[in-house]
Novice: 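Please read through the structure below; I'll follow up with questions.
Everything numeric in this text was worked out from a predicted model, so none of it was measured. Numbering starts at 1 and runs along the sequence shown.
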Amino acid sequence: SRYPHSFGGIISVVDTGSPRTIISAGAVSKLKIPITGENASPICGFGRGSIPCKKLNKFKFIIKSSEEKMKSIEMPVYVVDISALNNLSQEIRLRAYQIDTIIGLDFLISQKMKLVVDFNNNLSYFEEI
């Protein structure tokens, strides 16, 4: 992450079934990402209920290639709204903290990349189109 005041790494999962990229509650807390974005529709699809989130219109981050080349990216992302989450039940809070950061289809589309998966060689990587 290169978002103001929140430098550090984020472990994520590529989810081609997710239409949006979501920064997890754990990453938001760990990196102290300031939640100043606009309200967004809650995150659904993780069991019962939903998780409150906000949209950050210009989230800055860097991805690094296997050759150590870095690419700077700025794009909209959704973040778990920790302050709203704290007003919900302990069960919902615990569930929210179990969800990983998700790289969704919006990342692949906006960055003009494709996900290449080679099961035979146990490899997966992003490739620019």
Novice: I'd like to know whether Thr16 forms a side-chain contact (heavy atoms from CB on, under 4.5 Å) with Leu115, so could you lay out the CA-CA distance, the side-chain angles of the two residues, the decisive distance to 0.1 Å, and finally the verdict.
Specialist: CA-CA 9 Å; Thr16 58; Leu115 174 64; 3.9 Å; yes
Novice: Would you indicate whether the side-chain heavy atoms of Leu108 and Phe126 approach each other to under 4.5 Å?
Specialist: yes
Novice: List the steps and the verdict of side-chain contact (heavy atoms from CB on, under 4.5 Å) for Glu38 and Asn57.
Specialist: CA-CA 8 Å; Glu38 61 190 63; Asn57 287 313; 3.1 Å; yes
Novice: Show, in sequence, the C-alpha distance, side-chain angles and deciding distance for Ser12 and Thr101, and conclude whether the side chain to side chain donor-acceptor pair (under 3.5 Å) test is met.
Specialist: CA-CA 5 Å; Ser12 59; Thr101 291; over 6 Å; no
Novice: If I compare all heavy atoms of Ser41 with all of Cys53, which pair ends up nearest, and what's the gap?
Specialist: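 Looks like O-SG, 3.1 Å.
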Novice: Looking only at non-hydrogen atoms, find the nearest pair between Ser50 and Ile92 and report the distance.
Specialist: O-CG2, 4.2 Å
Novice: Check the hydrophobic clustering (I, L, V, M, F, W, Y; side-chain heavy atoms under 4.5 Å; chains of links allowed) and say if Val117 and Leu105 are grouped together.
Specialist: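 Same cluster.
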Novice: If you look at every heavy atom in Ser83 and Asp81, which pair is closest and at what distance?
Specialist: OG-OD1, 2.9 Å
Novice: According to salt bridge (Lys or Arg N to Asp or Glu O under 4.0 Å), who are the partners of Glu68, at least two apart in sequence or on a separate chain?
Specialist: Lys64
Novice: What verdict does the side-chain contact (heavy atoms from CB on, under 4.5 Å) test give for Ile102 and Ser18, after you've listed the backbone C-alpha separation in whole Å, the side-chain angles of each residue and the deciding distance to 0.1 Å?
Specialist: CA-CA 8 Å; Ile102 295 171; Ser18 175; 3.8 Å; yes
Novice: Can you tell if the side chain of Ile62 reaches within under 4.5 Å of the side chain of Ile73, non-hydrogen atoms only?
Specialist: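 No, too far: nothing below the 4.5 Å cut-off.
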Novice: With the side chain counted from C-beta on, respond yes when Met70 and Ile63 share a heavy-atom pair under 4.5 Å apart, and no when they do not.
Specialist: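 Side chain of Met70 against side chain of Ile63, heavy atoms only: no contact under 4.5 Å found.
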Novice: I want to check something: taking the side chain as every heavy atom from C-beta on, are Val13 and Ile103 in contact at a cut-off of under 4.5 Å?
Specialist: no
Novice: Does any non-hydrogen side-chain atom of Ile33 lie less than 4.5 Å from one of Phe59?
Specialist: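 Phe59 vs Ile33: side chains touch.
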Novice: Can you name the residues that form a salt bridge (Lys or Arg N to Asp or Glu O under 4.0 Å) with Lys30, not counting sequence neighbours?
Specialist: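 Here no residue qualifies.
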Novice: Looking at residues at least two apart in the chain, or sitting in another chain, which of them share a salt bridge (Lys or Arg N to Asp or Glu O under 4.0 Å) with Lys114?
Specialist: Glu127
Novice: Thr21 versus Tyr78: any side-chain heavy-atom pair under 4.5 Å?
Specialist: no
Novice: Judged by atom type as modelled, is there a donor-acceptor pair below 3.5 Å linking the side chain of Arg20 to the main-chain atoms of Asp106?
Specialist: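 No; judged by distance alone, with no hydrogens or angles, the pair does not exist.
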Novice: Please round to the nearest 0.5 Å and tell me the distance separating atom CG of Leu85 and atom CD1 of Ile43.
Specialist: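 The CD1 atom of Ile43 is 9.5 Å from CG of Leu85, to the nearest 0.5 Å.
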Novice: Of all heavy-atom pairs between Asp15 and Gly17, which one has the smallest distance, and what is that distance?
Specialist: OD1-N, 2.8 Å
Novice: Other residues, nucleotides and ligands only: do more than 12 of their heavy atoms fall within 6.0 Å of CD on Gln90?
Specialist: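 No, because the 6.0 Å sphere around CD of Gln90 holds 12 heavy atoms or fewer from other groups.
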Novice: Please check if Phe61 and Ile11 belong to a single hydrophobic cluster, counting links between Ile, Leu, Val, Met, Phe, Trp and Tyr side chain heavy atoms closer than 4.5 Å.
Specialist: no
Novice: Asn121 side chain to Leu123 main-chain N or O, any donor-acceptor pair under 3.5 Å?
Specialist: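 Not at all, since once roles are kept as given, no pair shorter than 3.5 Å links the two residues.
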Novice: Taking everything shown except Leu94 itself, do over 12 heavy atoms lie less than 6.0 Å from its CG?
Specialist: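 Buried by this count: over 12 neighbours within 6.0 Å.
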Novice: Hey, are the side chains of Ile82 and Tyr97 touching, using non-hydrogen atoms and a 4.5 Å cut-off?
Specialist: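 Answer yes - side chains close enough.
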Novice: Are there over 12 heavy-atom neighbours, none belonging to Asn122, within less than 6.0 Å of that residue's CG?
Specialist: no
Novice: Do Ile22 and Val79 have side chains that approach each other closer than 4.5 Å (heavy atoms only, starting at C-beta)?
Specialist: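 In short, these two side chains do not touch, never coming nearer than 4.5 Å.
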